Amino acid sequence: MKKWILGSLAALSLIALTACGSATEDTSLKKIEDKGKIVVAMNPEFAPFEFKTLVNGKDTIVGADVEIAKEIGKELGVKVEFSSMSFNNVLSSVQSGKADIGISGISATKERQKVYDFSETYYESKNVVIVKKSEVDQYKTTTALKGQSVATQKGSIQETIAKEQLKGANMVSLVQNGEMINELKAGKVNGVVLEKPIAEGYVAKNDDLAIASIELKSGDSDAYAVAMPKGSTALKKKIDKVIKKLKASGKIDTFVKEAYDLSIAE
Ligand code: ARG
C-alpha cells in the first residue's frame, strides 16, 4: 500500500514537472520558428567569411559565413537577418538574446564553450603575422618582434596568441581589422596577427604588405563554429546537420574560395 502511494506520488510530481516546464526547457528552436526568422550576429570585416560589397549597386554582406547562415535558414524554414557589429560584441549579443546565433569565423575555444553552445566546427585556419613587405626579412622568428608593436582584433583569440607567442612585443588591440592594416601601412605598428585566409586577402590587395615566415602555433580548439546560447540542444541538432552536409559535399571550401575571389576582385 505504502509503496503504491509513494509510486503514484512520484508519477504525479513527474507529470507536474513536465506540465510546468522546468527553467532549463529548450526553446532554442521553437523560438526561432515562431518568429519566422533567425538573427545572425557577425562582424562583416573579415573576408572571405563576411564582408560588405556592392551587389547590384547595393551595399550587401557576403561571404562563406553568409552562405552557411542562408543554408541554416533554409533548413529551419525561416528568414535570415544579419546583424553587423564589432567582433567584441558578437558573442555577448548571442548571450543577451539580441541575436539568435553568431557566425563570424568564431573559434570554438574551450573557454568560450563554457559559456556558449557551439555547432560542429566548419573551418580550420592557422595564424600568421602580416608585416611590411620591405621588412619581411627582419621578421622570421617569434622573438623578432621584441620591443615592436603588434596589432590584433579586440576580443579575438589572436590577442592571446600574439601575447603568448610573440615574446616581448607590445600589444595593440583594435576594434577594426581595417584599422590594423592602416596602422601597419602607416608604420604605427610593425605586425598584425590574423588567420591565414584573411591575411592573404589583405596582402593580395596591398602590395606593400607580406606574410612573415614566423610560425605561430594554433590551439587544439581554434576551428570555427556557429555560436548559440547555452542549452540550445534542439537548435544545435539542426545546425549540425547543415554543417555536416556542407562539409561532406565540399561546399564550405567552395564558399570560401568563391568569396575570396570576390573579395580580392573589388
Ligand atoms: N577566429 C578568431 C576568433 O574567434 C577571430 C574571428 C574574427 N571574426 C571577425 N568576423 N572579425 O577570435
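Note that the coordinates shown come from a computational prediction; the quantities given were computed from them, not determined experimentally.
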* Determine whether more than 12 heavy atoms belonging to other residues, nucleotides or ligands lie under 6.0 Å from atom NZ of Lys205. => yes
* So with a 6.0 Å cut-off around CD of Glu111, is the heavy-atom count from everything else above 12? -> no
* Donor-acceptor pair between Gln153 and Asn43 side chains, under 3.5 angstrom -> yes
* **Salt-bridge present (Lys35, Asp100; N to O < 4.0 Å)** => yes
* In a check of side-chain hydrogen bond (donor to acceptor under 3.5 Å, both in side chains) between Ser173 and each of Glu159, Lys154, Lys163, which one passes? -> Glu159
* Asked: For Glu215, does the CD atom have more than 12 heavy-atom neighbours from other residues, nucleotides or ligands under 6.0 Å away?
  -> no
* Can you find a heavy atom in the side chain of Leu29 that is under 4.5 Å from one in the side chain of Leu76? -> yes
* Answer with yes or no whether the side chains of Tyr202 and Asn177 bring together a donor and an acceptor at under 3.5 Å. => no
* Between Asn170 and Gln148: side-chain donor-acceptor atoms closer than 3.5 Å -> no
* Pair Glu195-Tyr224, side-chain donor/acceptor within less than 3.5 Å -> yes
* May I ask you to check whether Lys196 and Asn127 show a side-chain donor-acceptor distance below 3.5 Å? => no
* Asked: Are Phe49 and Phe255 close enough that their ring centers fall under 6.0 Å?
  -> no
* Do Lys241 and Glu75 meet the salt-bridge criterion of a basic N to acidic O distance under 4.0 Å? -> yes
* Asked: Taking atom types as modelled, is there a side-chain donor on Ser107 or Thr109 under 3.5 Å from an acceptor on the other?
  -> no
